[in-house]
J.: 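What follows is a single structure, and I will ask about it in a moment.
So that the names make sense, note that chain A is the first sequence line, chain B the second, and so on, each numbered from 1.
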Amino acid sequence: MTTVPHTENSEHHSTLETIRQQRIDQLSHWEREVGVTPYPYRFEKTHSNIELQTQFCDLADGVETEIVVRVAGRVMAIRNTGMFMDCHDPSGKIQLFSHKESLDEACLPLLKLFDLGDIVGAEGTVRRTPRGELSVRVKKVELLSKSLLPLPEKYHGLTDVEIRYRQRYLDLIMNPDTRDTLVKRSKIVSSVRDFLIARDFLEVETPILQHQAGGASAKPFHTHHNALDMDMVLRIAPELYLKRLVVGGLSEKVFELNRNFRNEGISPRHNPEFTMMEVYQAYADYTDMMTLTEELFAHVAQTVLGTTQVAYGDTVLDFTPPWPRRTMAEMVFEATGVDFMAITNDEEARTQGAALGVHVRDFDGWGHVLEQVFEEKVEQTLIQPIHITDYPVEISPLAKVHRSNPRLTERFETRVNGWEVANAFSELNNPLDQRQRFEAQIAERDAGNDEAHHLDEDYITALEYGLPPTGGLGVGIDRLVMLLTNSTNIRDVIAFPTLKPR
RNA sequence: GCGAGUUUAGCUCAGUCGGUAGAGCAAUCCCCUUUUAAGGGAUGGGUCCAGAGUUCGAGUCUCUGAACUCGCACCA
């Protein structure tokens, strides 16, 4: 839609192409008649726009200073044939006031040549207009980069969501909210990292290209290494590699901010590549991970937003620790009246699940049914932060059996706004048990569950050398950013979300 | 993958019953030197998402396809 068409043989130029050609033709004018290049190399900038606005916030209306500054940015509005230009940089706006009596004569012809979208640099003195607009009284102005293509309309801006995603640079130029969200994302990631490093966690990197996808239940993307003539997959989780590092004693506390790839559906809450943060802490269990989760979220919200009471849609999410901790079975019992802990065989579980109107597959055992009932009957009601604990063994092949009930594991998922935002366990470190769990996964795969885990022999070998008791936690960073930026679509928190080609 | 919706100028959007394609902003030219969605005047700009069909005639009706949006399914 916004692709620039070729010019040859087109008698009827589109508006876009006409404008582009006019501006290309104009480039030689800049060099011939104005004597400047439209794409110079450097500009010495003394202030960002926010620095000027802050430094001169007390300057009274109508006051002229003698203070010389040099500013630069994109022209977003032109009034009175260039006498007034709004110059935007990432920090904000400053008005350039180029009066013919104070502008260098050599610069005067430039005013008629500037277009909306051009990047300009200006030198002049700071003043505030009688109507209160902080401005630079321009003495010299120069073109720093010529914009050949017209910007979207100034008042309504760019609202077409498809163009906003496909041409994010245009979205960023036109929509301050987009910039705010992505800047907040960066600050959130930084504060996650700062929080963990301050607690002596070591940041590490593990393979994205793997031979076998492990650490989660998901379909991977497949790729191929040419020189080795070897099929590979992109990771669906870094979990098994991070625990190998704990086995090796690289550190008792490790974390990775990791991009994962899952070959599944796209939705407002799912992007095929997404960012997670996983941490592992030796000698800790899942209760320690609950506390860590609460402290992490509270720290991030406080750092980025200045509060742990976060407005999201029509509600306020309260991240102030501590958060409720409830078992999955008791939440299901409260919602449905069915006590799954009293159900002792798979067939009865399937019968009860079906009776509740829940989708049940033939190979689903007690644990799968309990989880399914939870997801269909309970999950969407959990708005405020809550830890759902004690997941069934059969759906938690990497989590340690619960110390007080062999059907359950020491695992929790944190729910906020109905979404899973964290998943954590007391990590299974018994290699004999781990082998049996993998074998149960293989049986599930044979029974038709194509997202069951594979057996990873080297991972079991690592466990056989001894993994200390360890707590592990994964946090969905994209969803965390959504919650803290009041975003309803994951694409709004990812600069370049996955799209089909046009 | 399924269902519903959207797609018209660079952008934001109108387009009635099937009868010559519209506005604002942006662009070009002119006027205007204290504006801030600057203002006034004039001008240019269209593969109506693509393809097929019905019709004397299709932006409009039918079918097929595409991209996007929302929902469902899928989703440790």
Side-chain angles (χ1 to χ4, degrees), chain A residues 1-5 10 12-23 26 61-62 76-86 93-103 108 111-112 115-117 127-135 137 148-167 170 173-174 213-219 236-237 239 260 262-272 274 276 278 359 371 375 391 395-399 411 413 419-420 422-425 441 450-453 472 474 476 488-489 491 497 499-502:
Chain A
M1 177 167 215
T2 52
T3 306
V4 177
S10 54
H12 299 287
H13 284 198
S14 67
T15 311
L16 182 67
E17 178 53 23
T18 303
I19 292 170
R20 178 171 170 273
Q21 199 57 52
Q22 282 167 350
R23 293 190 185 180
Q26 200 197 55
D61 292 355
M76 294 299 288
I78 298 175
R79 294 179 291 277
N80 292 49
T81 325
M83 181 165 63
F84 299 96
M85 292 193 289
D86 287 346
K93 178 188 102 171
I94 192 79
Q95 179 173 261
L96 303 181
F97 173 61
S98 302
H99 197 278
K100 62 182 177 188
E101 288 175 3
S102 41
L103 184 69
L108 205 51
L111 295 185
K112 285 187 179 173
D115 289 305
L116 292 176
R127 67 184 292 252
R128 193 178 291 280
T129 67
R131 297 195 190 183
E133 186 76 38
L134 191 70
S135 308
R137 179 184 284 277
L148 298 180
L149 295 169
L151 293 175
E153 194 236 13
K154 61 186 173 184
Y155 186 54
H156 299 93
L158 181 67
T159 62
D160 184 307
V161 289
E162 188 173 354
I163 300 178
R164 290 183 49 221
Y165 295 146
R166 288 191 191 279
Q167 297 179 275
L170 271 184
I173 289 169
M174 300 307 298
S217 301
K219 299 185 194 80
I236 56 175
E239 172 154 356
N260 291 332
R262 297 189 184 175
N263 207 336
E264 290 160 355
I266 296 177
S267 86
R269 274 165 291 290
H270 299 84
N271 197 63
F274 65 102
M276 226 161 72
E278 287 201 8
H359 177 64
E371 181 195 37
E375 288 188 356
Y391 276 57
I395 58 168
S396 312
L398 300 169
R411 172 184 176 187
E413 288 189 355
W419 308 339
E420 173 196 343
N423 179 27
F425 340 124
Q441 289 291 305
D450 60 359
E451 292 184 352
H453 291 230
T488 56
N489 195 315
R491 289 176 161 181
L499 295 171
K500 293 186 196 174
R502 264 197 95 98

J.: Taking only nitrogen or oxygen atoms into account, show me every contact under 3.5 Å that the protein makes with nucleotides 30-34 of chain B, one pair per line with its distance.
T.:
residue : atom : partner  : partner atom : Å
C32(B)  : N3   : Thr81(A) : OG1          : 3.3
C32(B)  : N4   : Thr81(A) : OG1          : 2.6

J.: Please check if any side-chain donor atom of Glu413(A) sits under 3.5 Å from a side-chain acceptor atom of Tyr391(A), or the reverse.
T.: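 Judged by distance alone, the side chains do pair up.
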J.: What protein N or O atoms touch nucleotides 67-69 of chain B N or O atoms at under 3.5 angstrom, if any, and at what distances?
T.:
residue : atom : partner   : partner atom : Å
A67(B)  : O3'  : Arg166(A) : NH2          : 3.0
A67(B)  : O2'  : Glu162(A) : OE1          : 3.4
A67(B)  : O2'  : Glu162(A) : OE2          : 2.3
A67(B)  : O2'  : Arg166(A) : NH2          : 3.3
C68(B)  : OP1  : Lys500(A) : N            : 2.9
C68(B)  : O4'  : Glu162(A) : OE1          : 3.1
U69(B)  : OP1  : Arg491(A) : NH1          : 2.2
U69(B)  : OP2  : Arg491(A) : NH1          : 2.8

J.: Look at all strands and tell whether Met276(A) reaches a base, only sugar-phosphate, or nothing, counting heavy atoms closer than 4.0 Å.
T.: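 Result for Met276(A) = base.
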J.: Whole-Å distance between A37(B) C1' and Met85(A) CE?
T.: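 After rounding, the reported distance stands at 18 Å.
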J.: Measure the distance from NE2 on His359(A) to P on A73(B) and round it to the nearest whole Å.
T.: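 Spelled out: NE2 on His359(A) to P on A73(B) is 10 Å.
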J.: Counting only N and O atoms by type, is there a donor-acceptor contact under 3.5 Å from the side chain of Ser267(A) to the main-chain atoms of Arg269(A)?
T.: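 Looks like yes, one N/O pair under 3.5 Å.
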J.: Base, sugar-phosphate alone, or nothing: which one does Glu264(A) contact when heavy atoms must sit under 4.0 Å apart?
T.: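 Sugar-phosphate: the residue Glu264(A), judged by heavy atoms under 4.0 Å, touches backbone atoms but no base.
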J.: Measure NZ/Lys219(A) against C1'/G1(B) and give the value in whole Å, please.
T.: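 Whole-Å distance recorded here is 11 Å.
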J.: Checking side chain to side chain contact (heavy atoms under 4.5 Å, CB included) for the pair Leu398(A)/His453(A): CA distance, chi angles, key distance, verdict?
T.: CA-CA 10 Å; Leu398(A) 300 169; His453(A) 291 230; 3.8 Å; yes
J.: Measure from the side chain of Glu451(A), starting at C-beta and using heavy atoms only, and say which of C74(B), U12(B), C11(B) lies closest.
T.: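 The listed nucleotide nearest to Glu451(A)'s side chain is C74(B).
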J.: Below 3.5 Å is the cut-off: list the nitrogen or oxygen pairs between protein and nucleotides 26-28 of chain B, distance only.
T.:
residue : atom : partner   : partner atom : Å
A26(B)  : OP1  : Lys154(A) : NZ           : 3.1
A27(B)  : O2'  : Gln22(A)  : OE1          : 3.1

J.: Expressed in whole Å, how much space separates the C1' atoms belonging to G24(B) and C68(B)?
T.: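 These two C1' atoms come out 25 Å apart once rounded.
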J.: Output yes when a side-chain donor or acceptor of Arg20(A) lies under 3.5 Å from a complementary backbone atom of Leu148(A), and no otherwise.
T.: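 No, because the side chain of Arg20(A) does not come within donor-acceptor range (under 3.5 Å) of the backbone of Leu148(A).
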J.: May I have the distance from Asp86(A) (atom CG) to A38(B) (atom P), rounded to whole angstrom?
T.: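 Whole-Å distance recorded here is 7 Å.
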J.: Atom CD of Gln21(A) and atom P of G45(B): how far apart are they, to the nearest Å?
T.: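 My rounded result for the distance is 17 Å.
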